[in-house]
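In what follows, a single structure is set out as structure tokens and then discussed.
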Amino acid sequence: MFALLSCSGWIAMFAAKKSGHLWLGNCFGLLYHLALAPVVQALPAPEFVRIAGYVWIFCDALIDVASINAMGEREVWALRMGVHIPASAWIIGSSLQMSALPLAVGVVLGGVLALHAIAGPALPDAKRKLFLFVLPAMTAWLCLIAFSGR
């Protein structure tokens with residue numbers, strides 16, 4: 001249930017931000033990230049992988065609130081890229097205990113997030129490229145978790 005709630009917040013976050021409602025998008029971002037806390041706890045993973053998940057979701061929630069409170073978009077983006085490293089560790093680490101399809105989606109998703117966090121500044125139109133990959137990949141991964149019974 002929380003994976004679906006998170007997925008709903010995820011999609012609403014992008015829809016609001018793309019339609020120019022940054023404040024509302026960041027509020028949905030809070031929902032997306034905070035709904036993941038029970039998912040982090042529920043997925044079978046080593047403790048250090050869970051810690052990476054918690055670091056990611058709570059730091060990204062902090063970044064959402066900083067953006068709501070008018071932190072500059074450049075700084076917000078740089079911080080978000082930084083927390084994609086623990087996000088990658090959690091997504092990949094927790095996917096290792098899953099069946100083939102969520103495992104494959106999770107490993108690719110986590111790998112691309114980490115690679116983009118480091119190489120993104122060198123890519124033209126990096127935000128758009130990340131959006132085009134991450135929106136469907138994260139949506140698929142969260143839905144696979146939600147419907148796998150985990």
Side-chain angles (χ1 to χ4, degrees), residues 2-43 45-96 98 102-146:
F2 284 102
L4 285 179
L5 179 62
S6 178
C7 189
S8 298
W10 167 252
I11 293 167
M13 173 187 74
F14 278 110
K17 285 183 177 183
K18 290 296 177 187
S19 65
H21 298 94
L22 185 62
W23 180 86
L24 183 60
N26 283 310
C27 290
F28 283 124
L30 282 170
L31 172 65
Y32 155 57
H33 289 103
L34 296 177
L36 281 174
V39 177
V40 170
Q41 184 61 38
L43 293 178
E47 192 62 25
F48 75 93
V49 170
R50 282 195 180 112
I51 290 168
Y54 291 128
V55 166
W56 166 49
I57 61 176
F58 292 124
C59 285
D60 234 340
L62 176 141
I63 295 165
D64 289 330
V65 172
S67 182
I68 288 168
N69 283 281
M71 178 182 245
E73 188 57 31
R74 184 174 177 197
E75 291 78 14
V76 165
W77 182 251
L79 290 171
R80 261 193 224 290
M81 292 304 95
V83 300
H84 279 177
I85 298 303
S88 298
W90 175 66
I91 292 168
I92 292 170
S94 61
S95 293
L96 295 176
M98 296 179 187
L103 167 66
V105 173
V107 168
V108 171
L109 172 61
V112 169
L113 277 177
L115 184 62
H116 184 273
I118 295 164
L123 298 173
D125 204 15
K127 274 187 186 183
R128 184 173 179 279
K129 287 178 179 150
L130 183 64
F131 167 77
L132 290 174
F133 171 77
V134 163
L135 181 61
M138 181 63 90
T139 301
W141 191 70
L142 289 171
C143 286
L144 288 166
I145 291 170

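Throughout, numbering of the chain's residues begins at 1 and tracks the sequence. The analysis underlying the following values was restricted to heavy atoms, covering all of them including side chains, and did not include hydrogens, waters or symmetry mates.
A ring-centre distance under 6.0 Å is not found for Trp56 and His84.
Two residues are said to be in side-chain contact when any heavy atoms from C-beta on lie closer than 4.5 Å; Cys7 and Cys143 meet this criterion. Phe28 places none of its side-chain heavy atoms less than 4.5 Å from the side chain of Ser8. Annotation: side chain of Met71 is in contact with side chain of Leu79 (closest heavy-atom distance under 4.5 Å). Looking only at side-chain heavy atoms (C-beta outward), Phe2 and Gln41 stay at 4.5 Å or farther from each other. For the pair Lys18 and Phe131, the minimum side-chain heavy-atom distance is below 4.5 Å. The shortest side-chain heavy-atom distance between Val76 and Asp64 does not fall under the 4.5 Å cut-off. No side-chain heavy atom of Asn26 sits less than 4.5 Å from a side-chain heavy atom of Met13. A 4.5 Å side-chain heavy-atom check between Trp90 and Val39 finds at least one atom pair inside the cut-off.
A distance-only check finds no donor-acceptor pair linking the side chain of Lys127 to the backbone of Trp77 [under 3.5 Å]. Put simply, the side chain of Ser19 gets close to the backbone of Ala15: a donor and an acceptor are under 3.5 Å apart. Remark: the backbone N or O of Ser94 is not paired with any side-chain donor or acceptor of Arg50 at under 3.5 angstrom. In this structure a side-chain-to-backbone donor-acceptor pair under 3.5 Å is present from Ser88 to Gly110. In this structure, Ser6 contributes its side chain and Tyr32 its backbone to a donor-acceptor pair below 3.5 Å. At distances below 3.5 Å, not a single donor-acceptor pair connects side-chain atoms of His21 with backbone N or O atoms of Lys17. No donor-acceptor pair under 3.5 Å is formed between the side chain of His33 and the backbone N or O of Phe58.
Scanning for salt bridge (Lys or Arg N to Asp or Glu O under 4.0 Å) contacts around Glu75 gives an empty result, with sequence neighbours left out. Legend: residues meeting side-chain contact (heavy atoms from CB on, under 4.5 Å) with Val134, ordered by chain and number and at least two apart, are Trp10, Leu109, Leu113, Leu130, Met138.
Within a 6.0 Å radius of CZ in Phe133, other residues, nucleotides and ligands contribute more than 12 heavy atoms.
With rounding to the nearest 0.5 angstrom, the CD1 atom of Ile91 is 12.0 Å from the CG atom of Leu96. Leu62 CG to Ser67 OG: the interatomic distance, rounded to the nearest 0.5 Å, is 11.5 Å. Note that CG of Asp60 and CG of Leu34 are 10.0 Å apart. Values are rounded to the nearest 0.5 Å. Annotation: the span from Thr139 atom OG1 to Ile11 atom CD1 amounts to 4.0 Å, rounded to 0.5 Å.
Closest heavy-atom contact between Ala3 and Ile145: CB-CG2, 4.1 Å. Taking each heavy atom of Val83 and Cys59 in turn, the nearest pair found is CG1-CB, 3.4 Å. Annotation for Ala89 and Ala52: closest pair CB-CB, 3.9 Å, computed over non-hydrogen atoms. Smallest separation of non-hydrogen atoms from Trp141 and Ser95: NE1-OG, 3.0 Å. Residues Ile85 and Ala117 come closest through the heavy atom pair CD1-CB, 4.0 Å. When all heavy atoms of Met98 and Leu103 are compared, the pair lying nearest together is O-CB, 4.0 Å.
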For side chain to side chain contact (heavy atoms under 4.5 Å, CB included), just list the numbers for Leu30 and Ile68, CA-CA rounded to whole Å, side-chain angles, deciding distance to a tenth of an Å, and then say yes or no. CA-CA 10 Å; Leu30 282 170; Ile68 288 168; 4.2 Å; yes
Tell me, with the steps shown, if Leu142 and Leu4 meet side chain to side chain contact (heavy atoms under 4.5 Å, CB included). CA-CA 7 Å; Leu142 289 171; Leu4 285 179; over 6 Å; no
Criterion side chain to side chain contact (heavy atoms under 4.5 Å, CB included) on Glu73 and Leu22, from CA distance to verdict: CA-CA 10 Å; Glu73 188 57 31; Leu22 185 62; 4.2 Å; yes
